[in-house]
Each structure stands twice: as structure tokens, then as C-alpha cells.
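What follows is a set of notes on a single structure, which appears directly below.
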2 protein chains.
Amino acid sequence: MFENETALQQPVASDRALIKDVHELVESYPRVPITVDCVIFGFDNNELKVLLIRSDIEMYHGKWSLLGDFAHDHEELDDAAYRVLRERTGMDDVYLEQVRTFSKPNRHPGGRVLTVAYCSLLNSEHHDLKILDNELHWHVVKTLRSEDVAFDHKEILDTCYAWLQKRMLEHPLGLNLLPEKFSLRELQNLYEAILDIKLDRRNFRKKFFSMDFLIDTGEYEDDVHHRPGKLYRFDFDKYKLNKKRWTGIEF
Amino acid sequence: MFENETALQQPVASDRALIKDVHELVESYPRVPITVDCVIFGFDNNELKVLLIRSDIEMYHGKWSLLGDFAHDHEELDDAAYRVLRERTGMDDVYLEQVRTFSKPNRHPGGRVLTVAYCSLLNSEHHDLKILDNELHWHVVKTLRSEDVAFDHKEILDTCYAWLQKRMLEHPLGLNLLPEKFSLRELQNLYEAILDIKLDRRNFRKKFFSMDFLIDTGEYEDDVHHRPGKLYRFDFDKYKLNKKRWTGIEF
DNA sequence: TCAAAAGTGTTCATTATACACCCATGA
DNA sequence: TCATGGGTGTATAATGAACACTTTTGA
């Protein structure tokens with residue numbers, strides 16, 4: 001059906017013009033401003049939250065905006081996203097992953113701007129937030145409306161939320177949203193809230209215990225008005241060594 | 001833990017300077033050339049193949065290159081990817097999906113160029129390929145070495161291949177690599193080759209039949225030297241209506 | 001009649017689901 | 001002592017894995 005592989009390993013056609021000056025080539029390309037936008041999720045009070053700042057653009061007066069910035073010259077986009085995170089929240093070394101690139105020509109009112117969305121997850125210890133410029137604070141994801149945010153940031157947020165929901169099923173991603181020590185109830189609340197489902201308490205426990213990544217700290221909750229639950233830590237090291245690989249065809 | 005939500009819905013600080021001219025703002029951003037690269041997979045002779053062309057850059061003389069082009073002014077990247085596909089292969093209306101953006105500052109020798117990788121899957125009817133400029137042809141993915149390709153295209157290809165492997169388990173994506181009518185043996189060969197595993201024939205059949213998306217065409221293979229297998233079509237419409245949603249926590 | 005691959009069913013092990021009771025704590 | 005949620009176990013159903021024989025065709 002396909003052409004024979006070896007027969008086509010013919011020499012390069014000699015009459016085809018080769019490009020000698022690659023800098024000149026790149027100079028000839030159109031150029032586009034690039035930004036990164038960080039969708040920083042947190043979890044508190046059994047609700048998924050996202051960090052937003054006030055837009056400082058007049059036409060978006062009063063609206064909220066994702067944490068973003070343009071990419072510096074010769075800056076890798078991953079680095080740009082970490083930089084934004086650091087500059088805006090004072091945080092370093094958190095989970096961060098590229099989700100997708102948004103390129104609608106009219107997504108920015110000032111002209112064409114591409115943006116690459118990154119997702120990060122912060123745990124809910126509020127001492128993480130040291131910089132509060134531009135009214136940086138947490139917003140409940142579920143109740144946020146398109147009209148509340150600038151640009152196409154609602155679309156970006158929705159994409160990242162869907163990404164998070166899917167990702168949470170396959171990676172211990174959600175653990176980054178909890179404090180280091182957590183109860184099983186907190187863990188279940190996290191899953192129920194983000195996935196927007198109800199789970200059976202007993203089966204949820206069995207599931208997590210059978211994965212065998214929870215370390216019993218020997219400590220207990222101390223701020224509850226009922227029997228305190230045990231606190232666990234997640235064994236990220238063990239997880240890294242035992243990752244699942246193949247789950248089977250299912251669609 | 002978090003600040004109270006309503007208490008923070010304070011008015012915008014009046015002394016903060018608002019940006020009035022968004023065009024001026026965007027003008028101030030650094031600009032970067034953007035390309036799209038299409039990783040076009042095909043399947044034939046029980047092997048996964050990828051479409052490559054000869055690089056026309058002198059320093060990559062003799063090496064192969066993904067099908068790419070810079071994004072035109074005001075062109076959405078998805079459109080650019082479809083355009084590249086059309087211009088290079090004459091094909092339209094095929095599966096195409098954004099995979100990720102590559103941004104290493106030195107990935108292009110001519111200066112900083114970002115590229116957004118798209119994955120497409122063509123079925124193996126060779127009459128699809130009408131344009132053969134730049135020695136466009138299929139290469140066996142498994143035996144392709146880094147030294148054989150230009151730029152960071154091996155890295156992009158590897159990323160897209162990993163993406164394809166994962167995606168195939170959850171979506172009937174691989175069906176786009178087969179002719180419209182196919183035997184179960186062809187389907188299994190596809191999965192075995194791409195996932196690089198061996199599957200039990202009987203369980204594979206049961207699995208696919210139980211999903212109930214295969215339509216018996218009533219036709220049979222006619223080019224085999226043994227008992228011919230039945231030919232099926234995949235019911236994409238039914239699939240779209242019955243997509244799976246939630247597969248459970250598993251990591 | 002032989003070789004090669006198509007087609008089919010059963011058993012067993014594992015995993016998921018549904019469900020009910022006792023326990024520890026603070027108020 | 002009561003309300004609240006923590007902690008546990010079992011029975012059943014569904015799914016996945018392992019495995020062997022008969023059938024059809026072309027050579």
C-alpha cells in the first residue's frame with residue numbers, strides 16, 4: 001500500500017535550493033507576542049478555588065484575571081510559568097504542567113497574543129500566599145461566571161478544570177491541594193468536590209489503602225467536634241517507583 | 001484558612017494605574033516566531049509510520065523533517081495545522097489534535113522559534129497522498145533515530161507517540177489509521193504494534209464486541225491465503241453518543 | 001489433506017459495588 | 001447520653017485473564 005521504504009531512500013534532489021542562512025529564514029517569519037497564564041488551583045472549605053488578580057486593563061475594569069505575563073526573550077515557557085508563580089505568590093517548587101495553547105486571533109483586544117496555559121496546584125496552607133498585589137485571592141471555581149473574568153480566561157479556566165478532573169483519576173495530583181497531613185475524609189471531600197460526584201466512604205478507603213501509598217502518621221485531627229480521624233501522608237517516593245502503566249482499552 | 005470571600009470583594013484601588021491603550025500594551029511585548037508541526041501517523045504492514053519530508057535547510061542536509069510551517073498573521077494555530085496538512089498531503093477533514101508546545105530557546109538554529117505540535121492520523125489508503133514534494137513519504141517510527149531528523153523533531157515525535165499510545169486506550173483514535181472496512185485481525189495488529197504489546201486474540205475480540213461499536217458489513221477479506229475474516233466498520237456516531245465518562249481512581 | 005488463521009466458550013481470579021454495624025469524641 | 005462522623009467487613013456482581021478446540025479457506 002505504501003511506497004517501498006528502501007526504494008525511496010534516494011539522494012536529495014540536487015536541483016532543489018537549500019536554505020543556507022537560518023537566521024535570515026527565521027527573520028522572515030511573522031512574530032507573535034506570547035504570554036503564559038497560570039491557572040492555580042487550591043482547595044479549601046470543601047471547594048475548589050482558583051487564584052485570580054484584578055485586571056489592570058481599563059476595558060476589563062473590575063474583572064478578574066489569571067496570573068500571566070509575557071514570555072521574556074529566550075525564556076522557555078515552563079520557566080516563564082514558574083516565574084509568574086513566584087512573582088505573584090512567592091511560591092516555588094510546586095506542581096506545574098503545560099495544558100494547552102490558546103490562539104484565537106481575537107482573544108486579546110490589543111492584537112494577536114498567543115497564550116500557553118499552565119496548571120498549578122497549591123496546598124491550602126494560607127501562609128503560602130505572601131504577595132497580595134492586585135487583590136490576589138482565591139475564588140470559588142464553581143460560581144465563577146464568564147462575565148467576571150477578562151479575556152478568554154473563562155475558557156482557559158474551563159479547559160484546565162476539565163484537565164484537572166481527568167488527571168486526578170490517573171495521578172495523585174490532587175494530593176498537592178491538601179496539607180501534608182490529611183484525613184481520609186479530607187481526601188474524599190477533595191475528590192467529591194472536584195469530580196462533582198458522591199463516593200461511598202468505605203469503598204473509597206479500601207481503594208486508597210489498597211494502593212498502599214498512604215503513610216499513617218500516628219497523629220489525629222484535633223480541631224473537630226467528633227471522633228478525630230487519623231492523619232496520613234502520601235508516599236510520593238513510593239508512588240514514583242510503582243507508577244501504573246497500562247490500564248486497558250476502554251472507550 | 002483562606003481569606004473570607006465576600007470581605008475581599010472590595011472596590012478596585014483607585015490609586016492603581018489602569019492600562020488604557022491595549023494596543024500599546026501588546027506592542028510592548030517581545031515577539032516570537034511561531035510554527036506548527038504536524039506529526040502525521042499512518043499504519044501499514046503492521047507498522048506505525050510517520051510522514052516526513054526532506055529538510056531544505058543546508059545544515060540539516062539529508063535529514064528528515066516533520067511537516068511544518070510558520071503561523072500566518074492572525075491565523076489560529078488549529079487552522080495553520082490543517083493548512084499544513086492540506087498543502088503537504090492534499091488531505092482535508094482528518095483527525096487533528098494539539099499535543100503540546102515546544103519552547104526551548106535553542107531548538108531552532110536560526111533563533112528562537114516556538115512550535116506547537118499537532119497530531120494527525122491518516123488511514124493507510126495510499127491514494128490519500130497526492131502531493132509528494134520534498135520526498136514526502138512514510139517512515140517506520142520504531143527505527144527512526146534522532147540523527148535522522150532535523151531540529152528537535154525526534155523529541156516532538158516521541159512526545160506525540162507517547163500521546164498516541166495513551167490516547168488510543170481511551171478513544172477510538174486508532175480507527176482513523178485503518179481503512180473504513182477492516183478485519184478484527186487488522187485492528188488487533190494496530191493495537192499490538194502501537195502499544196508494543198501482545199494481546200490475547202479471543203479476549204481482544206470479546207472486548208471490542210462488548211463495546212458494541214463494530215458494524216458487521218457482511219463482507220469478507222478477499223486478499224488472504226487462508227480463511228477470510230469478516231470486515232467491520234466502526235460506528236463513530238454511536239460512539240459519540242455513548243462516550244464513557246468516569247473510569248475510577250487508578251494510579 | 002495440509003497449513004494458516006478465523007471463530008467461539010468456560011473457568012478462575014480480581015476488582016467494584018452495595019450495604020450495616022460498632023466506636024470514639026466533644027458538647 | 002447524644003449527635004456526629006470514624007472505622008471496619010461481607011456478600012454479590014462485573015470484569016479481566018488464561019486457555020483449547022472446531023471451522024473455513026487457498027494452496
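Below, chain A is the first sequence line, B the second, and so on; all start at residue 1.
For A:Glu87, the side-chain contact (heavy atoms from CB on, under 4.5 Å) partners two or more places apart in sequence, or in a different chain, are A:Asp69, A:Arg83. In this structure A:Ile197 satisfies the side-chain contact (heavy atoms from CB on, under 4.5 Å) test together with A:Leu195, A:Leu199, B:Trp246, sequence neighbours excluded. Partners of B:Lys166 under the salt bridge (Lys or Arg N to Asp or Glu O under 4.0 Å) rule, at least two apart in sequence or in another chain, are A:Glu170, B:Glu170. Under the salt bridge (Lys or Arg N to Asp or Glu O under 4.0 Å) criterion, B:Asp200 pairs with B:Arg202, not counting sequence neighbours. The side chain to side chain donor-acceptor pair (under 3.5 Å) search around A:Asn176 returns none, not counting sequence neighbours. Applying the side-chain contact (heavy atoms from CB on, under 4.5 Å) criterion to A:Asp212, with sequence neighbours excluded, gives A:Lys238. Residues satisfying the salt bridge (Lys or Arg N to Asp or Glu O under 4.0 Å) criterion with B:Lys198, sequence neighbours excluded, are B:Glu192.
For residues 227-236 of chain B, the set of pairs meeting the salt bridge (Lys or Arg N to Asp or Glu O under 4.0 Å) definition, not counting sequence neighbours, comprises B:Asp216-B:Lys230. Pairs engaging residues 181-191 of chain A under the salt bridge (Lys or Arg N to Asp or Glu O under 4.0 Å) rule: A:Lys181-A:Glu219 [sequence neighbours left out].
Rounded to an integer number of Å, the gap from CZ of A:Phe182 to P of D:dG6 is 14 Å. Between the CD atom of A:Glu186 and the C1' atom of D:dG6 there is a distance of 13 Å, given to the nearest Å.
Protein chain B contacts DNA chain C from C:dA4 to C:dA16, reading 5' to 3' and using non-hydrogen atoms of the protein with a distance under 4.0 Å.
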Given protein heavy atoms under 4.0 Å, the one-letter contact record of nucleotides 22-27 of chain D, with B base, S sugar-phosphate only and - none, is simply -BBBS-

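Sorted by residue number, the members of residues 199-215 of chain B with any non-hydrogen atom under 4.0 Å from DNA chain C read B:Arg201, B:Arg202, B:Arg205, B:Lys206.
Within the nucleic acid shown, A:Glu250 comes within 4.0 Å of sugar-phosphate atoms alone, with no base atom in reach, counting heavy atoms only. No contact: A:Gln188 has no heavy atom under 4.0 Å from any strand.
Judged purely by atom type and a 3.5 angstrom limit, B:Asp148 uses its side chain to pair as donor or acceptor with the backbone of B:Arg145.
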